[in-house]
Protein chains: 2
Amino acid sequence: MNNNLTLSQDALIQALGRQSAFWGLGRTAGEMYAVLYLNSDPVSLEEVAQRLKVTKGNISVAIRQLEQLGMVRRSWQKGDRRVFFEAEVDFWKIAHSVLGLRYKPEFDQSFSLVEESATIAEQAALSAERDMVIERLKSLQEFYRLLDSLVEVVLDMSPGQLKAALEMFKLLSQKDKQG
Amino acid sequence: MNNNLTLSQDALIQALGRQSAFWGLGRTAGEMYAVLYLNSDPVSLEEVAQRLKVTKGNISVAIRQLEQLGMVRRSWQKGDRRVFFEAEVDFWKIAHSVLGLRYKPEFDQSFSLVEESATIAEQAALSAERDMVIERLKSLQEFYRLLDSLVEVVLDMSPGQLKAALEMFKLLSQKDKQG
DNA sequence: TTGCTAGTTTAGAACCTTCTAAACGTATTA
DNA sequence: TAATACGTTTAGAAGGTTCTAAACTAGCAA
């Protein structure tokens, strides 16, 4: 690999490391993914560790998370006892998986607490305060449902379909603004 | 405030505390918001601290973040030297603000690193590897643009418009599946 | 059979984030 | 004027997360 490709990979490692840390997956997760994504061939555990300058132990533990999210696959090569990893390159597939396994459960858990909150409020003695609380919780429930619905619809489309739909909405939006 | 309303608030504090922690805003931020959201009247700093069983110092620092995100407003009452807080209750407004002040900058920074990565790769010596890297980075750039576009279009709509659009897509989706 | 390699596992070190305690500054009250 | 109340600020304690070092396990090579 020549120098510019190494530098290019460095930039991507940095980009995905920050994104991953920001979204709560940990910096190393995004960095590992970046290393694998820009390699056409599967990469051994030791090579990943060397590339990122961390221990094999760290990679061994951390990459399991990426496997569970379907972002990375483990493979073996005939005549070689090492394990190799390669990146899942279909971002839509990854999005489905990450949303389904990480974000949806969290969302559902909070949503059910909000519903519980509303149920308890409805059992409170009649008062203006009670009414306001119920109203507030209803608004919040509606917002949650809207977000849920949005994610559902978007994930039900292919990237191409989504792109087409967005372009249509942009056109409609411009038409609205012109009168 | 009677017992069921307190319990109701407890559940919401828990719900929003977890969501907030999960999305990287810190548990206390979500908890504070929950306290304020379910109070029709502005709440003093000390009351928030008592309700959450933390120190005033902690609230004093943490609530500044919520103010900056436009999720909470500071107010004063004639004849009372305490400061009071109230929640912004328009979730759409909050979403605009949080996305714009928190998520967008992070996204843009990563995106520009991805673009830099692509630029550097294009300066590499011609090779099959170079071509693959460039292709991979293009895919990633496209995905980033698609997400950015989605957020832009969604935030350009009112909640009602979004709801209507989603219902339309669900209908189309069912129609597709029926043949 | 012994030595080496590769990956796994885990206690604890290192680092990061969140919170407290207390000092501080300001304004009001007695 | 002194005491009190309110909120702010910050050093460091406490808690949580990430990583290392080293022991362990398993398989292969000499």
Protein-nucleotide distance (B/Lys53, atom NZ; C/dA21, atom P), rounded to Å: 15 Å

Sugar-phosphate, base or nothing in reach of A/Val54, heavy atoms under 4.0 Å: sugar-phosphate

Salt bridge flag under 4.0 Å for residues B/Arg27 and B/Glu31: yes

Residue met sooner reading DNA chain D from 5', once B/Gly57 and B/Glu46 are mapped to nucleotides: B/Glu46

Touch class at under 4.0 angstrom, heavy-atom based, for A/Arg81 against every strand present: base

Test item: side-chain donor near acceptor, A/Lys170 and B/Ser149, under 3.5 Å: yes

Side-chain donor-acceptor contact under 3.5 Å, B/Arg18 with A/Gln109: yes

Whole-Å gap separating P (C/dA6) and CD (A/Glu47): 10 Å

Length of the CZ-C1' vector between A/Arg27 and D/dT17, whole Å: 12 Å

Length of the line joining A/Lys56:NZ and D/dA22:C1', which is rounded to integer Å: 12 Å

Integer-rounded Å distance: D/dT9 P and B/Ile59 CD1: 15 Å

Identified side-chain contact (heavy atoms from CB on, under 4.5 Å) partner of B/Phe85 from the options B/Asn39, B/Leu45, B/Val43: B/Leu45

Separation of C/dT18 P from B/Ile63 CD1 (nearest whole Å): 16 Å

Nearest listed nucleotide, side chain of A/Arg82, among C/dG7, C/dT20, C/dT10: C/dG7

Out of D/dA21, C/dT10, D/dT8, whichever nucleotide has its closest atom nearest the side chain of A/Val61: C/dT10

Sugar-phosphate only, base, or nothing, as touched by A/Thr28 at under 4.0 Å among non-hydrogen atoms: sugar-phosphate

Listed nucleotide nearest any side-chain atom of A/Arg64, set D/dT8, C/dG7, C/dT9: C/dT9

Rounded distance in Å - CZ (A/Phe22) to C1' (C/dC16): 17 Å

SB check B/Glu67 B/Arg74 (cutoff 4.0 Å): yes

Distance, rounded to the nearest Å, where A/Leu45 contributes CG and C/dT8 contributes P: 6 Å

